[in-house]
Amino acid sequence: MTIQTLSGLAQAGALAGKRVFIRSDLNVPLDQGRITEDTRIRASVPAIRLALDAGATVMVTSHLGRPKEGVVGPEDTLQPVADRLSELLGRPVPLVRDWVDGVDLKPGAVVLLENCRCNPGEKKNDPELARRMAALCDVYVNDAFGTAHRAEATTEGMVRFAPVACAGPLLAAELDALGRALQSPRRPMVAIVGGSKVSTKLSILQSLADKVDQLIVGGGIANTFMLAAGLPIGKSLAEPDQVDQAKAVMRAMRARGVEVPIPVDVVVATTFAADAPATVKAATDVGPDDLILDIGPKTAEKLAQQLRQAGTIVWNGPVGVFEFDAFAGGTRVIAQAIADSDGFSIAGGGDTLAAIAKYGIADRVGYISTGGGAFLEFLEGKTLPAVAALQAKNA
Ligand code: ADP
Ligand code: MG
């Protein structure tokens, strides 16, 4: 199913003199009102430029944080984003505070509309709110892949009410890159899933088990698999009630002729702290008070070898507590192996991106997704609601 794109509309001359509403993802980390990392803002600029250059009048909005609906608290305002955006665009970008029922705009202007998640009804995709917001524009643009897995009023509802709806360049590129990589991946395809969100990720592993040739687990996920394999894990992060799920994943992979590798060694500590003394232990020797905070060096080397031979690698989730240097070894070795692999690699997830930045391998990863939850749901083969709405619009 094809989706109309902003660049397609621009090429067709369909944006001149039109009011264009862009739902971006400008949800940047802030420290006391200061932007600490502006990747998402920079990534949103091409869509805005494209619309402006095509002669449109542009309204941009985004969510920021998790505000309470109905109020804009001091930490909820997009003002710092408006300031940064005007620097990047080289022109003033005024912030409009109350905008749902009308925005006063000069032709060719660009404004930022205050945090859309402060509007009552945004989260629960209230059709009345969606209708009012859609009435602001001639063309609705979704350029926010990171929230495409959520059906909210600015991501899904507005599509149904706007006269024209399309995907912005960031969303289009993301769907294109992920779609292509997953449709006919170079084999063997290896997925490596780590991190701490064990229960959400286990359900993802079940659907991945049908698609990939090899499945590697790390982090809290691996601990749950160790438990399933009958190994001691002490006080490690795991979800014992998910052991059956882990066993089901192991069986599914075994039916395809491969084993889910279970760590043979681990790095443990007795407290969860940056300065906790780290000890490498065989997986069979984990004590009752131990916390497994990383995979061990033997395990990391085995997995790295497997990754280096992959045709396609999908990576989500660090394999250890990489924020603490003593427990970062596994993730560093894995990151390096992914960078060294000739295979096409795709990575996504907030902490995964932090690990990629920490080990400086960004330019050696095939594709880095801007999405966390959306990336995972896409991998699972789920249809993202915001994307489905755009598809339905032009069907
Ligand atoms: P992502 O954001 O990439 O999807 P998650 O949020 O699921 O990843 O998990 C990342 C977090 O998991 C990191 O903060 C890391 O410290 C933590 N983690 C990894 N391994 C372990 C472990 N063995 N025990 C506890 N936490 C872990
Ligand atoms: Mg995370």
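Bear in mind that the values here come from a model prediction, so they are computed numbers and not experimental data. Order of listing sets the numbers, starting from 1, for every ligand and every atom in it.
Counting protein heavy atoms only, atom 19 (C) of ligand 1 is closest to G320 O, 3.1 Å. Given atom 26 (N) of ligand 1, the protein heavy atom at minimum distance is V321 CG2, 3.6 Å. Scanning the protein heavy atoms around atom 14 (O) of ligand 1, the nearest turns out to be E323 OE2, 2.4 Å. The shortest contact between atom 5 (P) of ligand 1 and any protein heavy atom is with K201 NZ, 3.6 Å. Protein heavy atom nearest atom 11 (C) of ligand 1, with residue, atom name and distance: S196 OG, 3.6 Å. In terms of protein heavy atoms, atom 10 (C) of ligand 1 is closest to D351 OD2, 3.5 Å. Among all non-hydrogen protein atoms, the one lying nearest atom 3 (O) of ligand 1 is T352 OG1, 2.5 Å. Closest to atom 23 (N) of ligand 1 among all protein heavy atoms lies I292 O, 3.0 Å.
Between Y140 and F21, the angle of the ring planes stays under 30°, which puts this pair in the parallel group of the 30/60° scheme.
Around the CG atom of D98, the shell of radius 6.0 Å holds no more than 12 heavy atoms that belong to other residues, nucleotides or ligands. Counting non-hydrogen atoms of other residues, nucleotides and ligands closer than 6.0 Å to NZ of K302 gives a total of 12 or fewer. When the shell of 6.0 Å around NZ of K281 is examined, it contains more than 12 heavy atoms from other residues, nucleotides or ligands. More than 12 heavy atoms of other residues, nucleotides or ligands sit less than 6.0 Å from atom CG of D53.
For the residue pair T154 and R23, a side-chain donor N or O sits within less than 3.5 Å of a side-chain acceptor on the partner. Residues E152 and T147 have side chains that never bring a donor and an acceptor to within less than 3.5 angstrom of each other.
Among pairs with a residue in residues 357-388, none fulfils ring pair (Phe, Tyr, Trp, His ring centres under 6.0 Å), at least two apart in sequence or across chains. Residue pairs meeting the ring pair (Phe, Tyr, Trp, His ring centres under 6.0 Å) criterion with at least one partner in residues 256-279, sequence neighbours excluded, are F272-F324.
Taking each heavy atom of A276 and F327 in turn, the nearest pair found is O-CZ, 3.8 Å.
Residue G194 has no nitrogen or oxygen atom sitting less than 3.5 Å from a nitrogen or oxygen atom of ligand 1, judged on distance alone.
For the ligand labelled ligand 1, residue G372 lies outside the 4.0 Å heavy-atom shell.
Of all the heavy atoms of N316, the ones lying under 4.0 Å from any atom of ligand 1 belong exclusively to the side chain. Only the side chain of L237 comes within contact range of ligand 1, with a heavy atom under 4.0 Å; no backbone atom does.
Under the 4.5 Å side-chain criterion, counting only non-hydrogen atoms from C-beta, I35 is not in contact with P29.
In this view, K235 and D289 satisfy the salt bridge (Lys or Arg N to Asp or Glu O under 4.0 Å) rule, not counting sequence neighbours.
Listed by number with element, the atoms of ligand 1 under 4.0 angstrom from any heavy atom of N223 are 23 (N).
Protein N/O/S atoms closer than 2.8 Å to the Mg ion (ligand 2), listed by chain and residue number, are D351 OD2.
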